[in-house]
Number of protein chains: 2
Amino acid sequence: MASLRTRRAFRRLEVEARRQQLLETGARLFTERGYEDVSMSEVAAAAGISKGLLYHYFPGKRAFFAATLEAAAQELRALTVTDPDLPALEQLTAAVDAYLGWIEAHSESYARLLHSAGALADVASLVQRVRDETAERIVAGLGGDEPSPALRCAVHGWLWFMDGACLQWLQAGREPPRERLRELLVGTLAAAAGLAV
Amino acid sequence: MASLRTRRAFRRLEVEARRQQLLETGARLFTERGYEDVSMSEVAAAAGISKGLLYHYFPGKRAFFAATLEAAAQELRALTVTDPDLPALEQLTAAVDAYLGWIEAHSESYARLLHSAGALADVASLVQRVRDETAERIVAGLGGDEPSPALRCAVHGWLWFMDGACLQWLQAGREPPRERLRELLVGTLAAAAGLAV
DNA sequence: ACGCCTTGTTGACCTTCGGTTAGTAAGCGC
DNA sequence: GCGCTTACTAACCGAAGGTCAACAAGGCGT
């Protein structure tokens, strides 16, 4: 009788903590099933909050999904910055190795990032921004001031190559060994760039 | 007064004609805006029919979208089959050239196919089926009976390379010339496969 | 201890979506 | 003309994304 009027008190969280919790919940659900098959109500329920609060933290479903990937994209992008004083080949090798290491550690996020790249315009631009930026840096490092269209194609193509090879690599249970894959990737860029000069 | 009861007669079309019309309408709308931003009601309205009829022809939105891409995927897949009696390099060159030709002629469908590749599971599997099949054929032609994991990565990666390079090519206004791009593509496969043996 | 005030949080509400179905009419064969 | 097949419509449904006024948790000054 005593608790008839207990309106189920809720816990008040700090903004950043709540935001983080929502992102994690969303990431989990979106990874398990696709973007389309997860509803905002569901995310809210899984996080133990109301739908309204979810919309208080994120302006919409797309934005929420994109935010879910943003962190991964940021990390991935950060890995490609290398010490510019080192020889080009060493920089490349180091960057590729770091990339592979991250993928190994976050294979789920990586696969989700790629597979949902085309789904929404927001995510597509997210992936494209990372790729374009990386491509620009590589092109600049390779082609000097005035890079040829062919070189641009080669570098852009190579970035796709990397993702295709990595996806296949993950799917095949991380075979061949990481060092071998790294060599393949680095070697292919060298070859493609050489062909495109 | 006379036409007060004219319940707006509708035109009856043959099944295949109607189906084709719907696919074309859908393709147009989906290309203009994304998958998410086009509603089934909208498609029906644009085609001048009821939503119910649209659902009579296609079991759901995803299936409709996939059907919209199916034709393109079929054509693209058909292009990769070559005369097995010719030398391997000639086969490859011919297939790549045909691929580039198709892309040039259907750049919109191609871009849409790639950009929405990850969106739905149906479409993803559509693209992946084409890629896997092509990869299998190339791997078989290159690696004999027991292809190494590294070779699989190389070939899969190269298929992605192709799409990345082609997308960049289209975006840059078909620069460099098609023959040059073809050489880059063929050369890169040769190099990657060589590295992966 | 108490009440105030900020703000994290709710839940009812709206519109539109994907999807279903009972029924209508076009147009062909007789 | 007449009926029969079937392309087609329109009204409908549950659930989705999205909005909003009101509520209460909990830190703060007293």
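Every chain is numbered from 1 and lettered A, B, ... according to where its sequence line falls, protein lines coming before strand lines.
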Going by the side chain to side chain donor-acceptor pair (under 3.5 Å) test, which pairs reach into residues 20-29 of chain A, not counting sequence neighbours? R18(A)-Q21(A)

Suppose the criterion is side chain to side chain donor-acceptor pair (under 3.5 Å): which pairs have a residue in residues 179-193 of chain B, not counting sequence neighbours? D97(B)-R182(B)

For the pair made of [atom1] in [X] and [atom2] in [N], what is the distance, rounded to whole Å?
| X | N | atom1 | atom2 | answer |
| --- | --- | --- | --- | --- |
| F58(B) | dT20(C) | CZ | P | 15 Å |
| F10(A) | dA25(D) | CZ | P | 6 Å |
| I49(B) | dA10(D) | CD1 | P | 12 Å |
| L53(B) | dA22(C) | CG | P | 17 Å |
| L13(B) | dA25(C) | CG | P | 19 Å |
| H56(B) | dT24(C) | NE2 | P | 18 Å |
| L54(A) | dG11(C) | CG | P | 15 Å |
| R11(A) | dA24(D) | CZ | C1' | 16 Å |

Check residues 164-172 of chain A and write down every donor-acceptor pair under 3.5 Å in which the side-chain atom is one partner and the other belongs to a residue at least two apart or another chain.
residue : atom : partner : partner atom : Å
Q168(A) : OE1  : H156(B) : ND1          : 3.3
W169(A) : NE1  : R174(A) : O            : 3.4
W169(A) : NE1  : P176(A) : O            : 2.7

Atom pairs under 3.5 Å, N or O on each side, protein against nucleotides 17-19 of chain D: can you list them with distances?
residue : atom : partner : partner atom : Å
dG17(D) : OP1  : K61(A)  : NZ           : 2.9
dG17(D) : OP2  : M40(A)  : N            : 2.8
dG17(D) : N7   : K51(A)  : NZ           : 3.1
dG18(D) : OP2  : Y55(A)  : OH           : 2.9
dG18(D) : OP2  : K61(A)  : N            : 2.7
dG18(D) : N7   : K51(A)  : NZ           : 3.2
dG18(D) : O6   : K51(A)  : NZ           : 2.7

Which pairs with one or both residues in residues 66-86 of chain B pass salt bridge (Lys or Arg N to Asp or Glu O under 4.0 Å), sequence neighbours excluded?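 Qualifying pairs: R77(B)-E133(B).
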
Quick one: which residue pairs count as a salt bridge (Lys or Arg N to Asp or Glu O under 4.0 Å) with a foot in residues 185-197 of chain A, not counting sequence neighbours?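 Sorted pair list comes back empty.
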
Contacts of Y110(B) that satisfy ring-ring contact (aromatic ring centres under 6.0 Å, His included) - sequence neighbours left out: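 Per chain and number, Y110(B) pairs via ring-ring contact (aromatic ring centres under 6.0 Å, His included) with no residue.
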
Among all residues two or more places apart in sequence or in another chain, which pass the ring-ring contact (aromatic ring centres under 6.0 Å, His included) test with Y99(A)?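 For Y99(A) there are no ring-ring contact (aromatic ring centres under 6.0 Å, His included) partners, ignoring immediate neighbours.
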
Quick check on the hydrophobic clustering: are L185(A) and V130(A) connected, directly or via other members, by side-chain heavy-atom contacts under 4.5 Å?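 Result: no, two separate clusters.
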
Of the candidate nucleotides dA7(D), dT9(D), dT10(C), which contains the atom at the shortest distance from the side chain of Y57(B)?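 When the side chain of Y57(B) is considered, dA7(D) is the closest of dA7(D), dT9(D), dT10(C).
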
Any residue of residues 15-26 of chain B with a heavy atom less than 4.0 Å from an atom of DNA chain D: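 Of all residues in residues 15-26 of chain B, the ones placing a heavy atom under 4.0 Å from DNA chain D are V15(B), R18(B).
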
Are more than 12 heavy atoms, taken from residues, nucleotides or ligands other than E108(A), located less than 6.0 Å from that residue's CD atom? no

